[in-house]
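Basis for what follows: all heavy atoms, side chains included, without hydrogens, waters or symmetry-related copies. Since we're looking at a predicted model, the values are computed, not measured. Just so you know, ligand 1 is whichever comes first in the structure, and atom 1 is the first atom listed for that ligand.
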Amino acid sequence: MSPSPLQHLGYWRRLICKRAPGQVVVQYTTRCNARCAQCGMRVTNAAPRVTLSKDDVRRLIDAMAERGVASISFTGGEPMLYARDIAELSRYAGAAGIRYIRTGTNGYMFRHHDRPDFRDRMERLADVLADSPLNTFWVSLDSAVPEVHEENRGLPGMVEGLRKAVPIFHDRGLYVSANLGINRLTGGRGVVPDAGVPFDRDRFTEAFRIAFHRFYSMVAELGITIVNACYPMSLDTGGEQNEAVYAATSTEGLIRFTPEEKAAMFRALYDVIPFYRDRLRIFTPRSALLALMRQQCGLDKGVFPCRGGIDFFFVNAADRNVYPCGYRGGESLGKMWDLDLSALDRRQICEKCDWECFRDPSVLLKPILNMIENPFTFRSKLPGHRDFLKVWREDLRYYRACGWFDARTPPDMQQLARFKADPPVWNTEQDPPEGLGSLG
Ligand code: SF4
Ligand code: SF4
């Protein structure tokens, strides 16, 4: 389903006013039934739990729609503990004119796939979700090795259950996305060096290339057609970690990386993506990886500021307040229905983390916003601009071939085939990608 002409008009009107189409991540609940080592909401953590009321969320949605928000994500905790509520609220958001509606799961319901009621359970869930305007339904996966993922999450058997459930969802026209939370176990145990091991750039990059290669292969083999990567949710900025309102953050070694390690990790992902673009719809924009790599190398400060707190926001379940994002917990903006967008400082520059939900679209939108600001000089304001713009344009062409990742449409394999790349021949000595001068 494409945006209506009226929605298109609204997005362009925002862009002309130098604002990106709005995005809000709503933490529907802090309840969770998984045990992820990297997350403060794990079930074994004795923290108070809250869930928003449907009335609260309806009021939030009305306020978002009034403010021209284009996209809403229902996150948790585990949103699928409330699958019917999420489907109902998605219908409400769709009716209010919000075009992009997303939610996901840790996949707990895919356990016990050998029980006789498994198929019935999956059909019921798929029916509930398909009967809503959801256009992203993600399943979190941490590792290419099922046992490693399941052990970390405390969800034995979920990968095999996911494999069995995928065709049931597809039959109902809902194409599941795999959401990789990048960590040191992405490729399985012993592939990526542990935190604290002396850094060897070539070795580290190669290890992550292997990890991503294994991961994309697994996703394709599971029959999943859409995939995204969440960059590690750790902050190494002293006390600011304690301010995060979104507890899916951690200082755990599993997801804690030095800037050099992050640059190498982004580089590996940048290298591997082209080899899977002809068979998977991979959301991760290579232009954003380029920007984040350069930033980890200390380059381009302020060139790709995050739209968090300007056009993108996070609603915290505990106090129902709006924050610039899940990290900036010291900056409550009050209630969504009281939020005056025109009073926000649009020149604020934040690049404190790599939260892909906000950073990827911020980079993607930046050339458009620059162009609107000044069509004659916008190129020169982008780093390594020729190469960056080449990668960015290629991302947009690919996004179009992916049908903009709408989970309600099947992949167009003919379109994707245009992006077929030669098989990978890694050369750790090769020059850094164009526009990445000082990484090497
Ligand atoms: S990462 Fe997600 S699934 Fe895991 S404990 Fe946190 S909220 Fe639950
Ligand atoms: S860069 Fe990170 S901390 Fe800053 S606004 Fe964006 S998501 Fe928040």
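Using the six-membered ring where Trp is involved, Y327 and W355 have ring planes that are perpendicular, over 60° apart on the 30 and 60° scheme. Ring geometry for Y216 versus Y276: interplanar angle of 30 to 60°, hence tilted. In this structure, F312 and F358 have tilted ring planes: the angle between them lies in the 30° to 60° band. The aromatic rings of F283 and F405 stand perpendicular to each other, their planes meeting at an angle above 60°, with 30° marking the opposite boundary.
Taking every heavy atom of C39 and a limit of under 4.0 angstrom, the matching atoms of ligand 1 come to 1 (S), 5 (S), 6 (Fe), 7 (S). Residue-ligand proximity, R328 to ligand 2, at heavy-atom distances under 4.0 Å covers atoms 3 (S), 5 (S), 8 (Fe). Per-residue contacts place C32 under 4.0 angstrom from the following atoms of ligand 1 (heavy atoms of the residue considered): 3 (S), 5 (S), 7 (S), 8 (Fe). Near R42, the atoms of ligand 1 lying under 4.0 angstrom from a non-hydrogen atom of the residue are 5 (S). Close approach of ligand 2 to C325 (heavy-atom distance below 4.0 Å) involves ligand atoms 3 (S), 5 (S), 7 (S), 8 (Fe). Those atoms of ligand 2 that come under 4.0 Å of a heavy atom in R359, given as number and element, are 1 (S). Each of the atoms 7 (S) of ligand 1 lies under 4.0 Å from some heavy atom of G77.
Metal site remark for atom 6 (Fe) of ligand 1: C36 contributes no N, O or S atom at a distance under 2.8 Å.
For F266 and Y270, the ring centers sit 6.0 Å or farther from each other.
With a 6.0 Å cutoff to the six-membered ring centre and a 45° limit on the axis angle, R281 counts as a cation-pi contact of Y175.
Residues E88 and R58 are paired through a salt bridge, judged by an N-O separation under 4.0 Å between the basic side chain and the carboxylate. Salt bridge present: R119 and E123 bring a charged side-chain N and a carboxylate O closer than 4.0 Å.
Using a 4.0 Å cutoff on heavy atoms, R153 counts as a contact of ligand 1. Residue contacts with ligand 2 do not include R307, since none of its heavy atoms lies under 4.0 Å from the ligand.
The parts of C350 lying near ligand 2 are both backbone and side chain, judged by heavy-atom distances below 4.0 Å.
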